[in-house]
Amino acid sequence: MVGTNHRRSRTKFTEDQLKILINTFNQKPYPGYATKQKLALEINTEESRIQIWFQNRRARFGFQKTPGPKTLESSQSHGQDQPYMELQSREARRCRTIYSTSQLRTLIEAFMKNPYPGIDCREQLAKEIGVPESRVQIWFQNRRSRFHLQRKREVVSLEPEDQGKISEGLQGAEDTQNGTNFPSNSHSSRARTW
DNA sequence: GCCCTAACCTATTCAACAA
DNA sequence: TTGTTGAATAGGTTAGGGC
């Protein structure tokens with residue numbers, strides 16, 4: 001087993017921090033990277049924590065991305081009417097991270113050992129390849145998703161009798177690009193003990 | 001023990017970039 | 001133009017911590 005699978009410890013936002021976050025959310029429920037960076041500086045936290053906070057907030061308050069017949073009940077309950085309009089002029093995303101060959105090699109090796117690294121492992125990897133921990137987390141998310149997708153396609157393209165064989169062998173399934181081993185029941189069991 | 005919510009997950013889409 | 005892949009999203013689950 002590589003590293004621990006601990007989660008990051010919970011961030012406890014202060015009242016002042018929350019006031020700033022909520023105020024920004026009411027104006028911009030989909031802030032761009034620059035806004036998130038600015039917020040991170042303002043309330044002295046990481047940009048990735050801001051991103052998660054906005055994700056959770058949108059989920060919790062059922063925010064509608066496009067104006068429709070439904071009203072924005074929850075956001076309105078915060079005493080603001082808003083906040084679709086700025087969606088039309090979407091703010092810039094974070095710049096794409098370009099990984100070098102050696103950085104990718106390190107990430108792929110780590111993925112083969114453990115596709116669900118905990119915070120300690122991600123931080124160690126981030127330090128090793130010199131990128132923020134949040135980028136490592138996103139890389140693993142994308143990698144897992146694409147692995148699942150690829151495996152689905154392989155199963156669909158097989159004859160029914162071969163599908164049985166594949167599902168038996170899923171435990172040792174290989175990523176055709178990189179030879180990545182990936183257990184089959186990642187989400188259903190959530191047994192991230194490897 | 002319940003509730004709230006940060007952390008984390010998959011699935012999907014958007015978009016930058018190389019071939 | 002197309003394929004690859006990093007970034008962002010929706011929607012869901014897990015788990016820490018306050019009550």
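What you see is a predicted model, and the numbers here were worked out from it, not measured in a lab. Numbers restart at 1 for each chain; the letters A, B, ... are given by sequence-line order, proteins then strands.
For the pair Ile119(A) CD1 and dG16(C) P, the computed distance is 14 Å after rounding to whole Å. Rounded to whole Å, the distance from CZ on Arg144(A) to P on dT12(B) is 16 Å. Between Arg94(A) atom CZ and dC17(B) atom P there is a gap of 15 Å when expressed in whole angstrom units.
Across all strands, Thr11(A) comes closer than 4.0 Å only to sugar-phosphate atoms, never to a base (heavy-atom distances). Arg49(A) comes within 4.0 angstrom of the backbone, heavy atoms only, and of no base. Within the 4.0 angstrom heavy-atom criterion, only backbone atoms of the sugar-phosphate kind lie near Gln137(A); the bases stay farther away. Base engagement by Arg96(A) is indicated by at least one non-hydrogen atom pair under 4.0 Å involving a base atom.
Here dA7(C) is the nucleotide among dC9(B), dA7(C), dA6(B) with the atom lying nearest to any side-chain atom of Asn142(A). The nucleotide whose nearest atom lies closest to any side-chain atom of Tyr99(A) is, among dT10(B), dA6(B), dA7(C), dA7(C). Looking at the side chain of Lys36(A), the nearest of the listed nucleotides dA7(B), dA8(C), dA11(B) is dA8(C). The Arg58(A) side chain lies nearest to dT9(C) when the options are dC8(B), dC9(B), dT9(C). Here the nucleotide nearest the side chain of Arg10(A), chosen from dC8(B), dA11(B), dG16(C), is dG16(C).
When atom types are taken as modelled, the side chain of Arg93(A) and the backbone of Tyr33(A) share no donor-acceptor pair closer than 3.5 angstrom.
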### Task
Just do the side-chain hydrogen bond (donor to acceptor under 3.5 Å, both in side chains) check on Thr106(A) and Glu128(A) with the steps written out, would you?
CA-CA 8 Å; Thr106(A) 305; Glu128(A) 198 175 330; 4.5 Å; no

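The aromatic rings of Phe25(A) and Phe54(A) sit tilted relative to each other, their planes meeting at an angle between 30° and 60°. Classification of the Trp53(A)-Phe13(A) ring pair by plane angle, with boundaries at 30° and 60°, yields perpendicular.
Of the side-chain N and O atoms in Arg135(A), one or more sit less than 4.0 angstrom from OP1 or OP2 of dA7(C).
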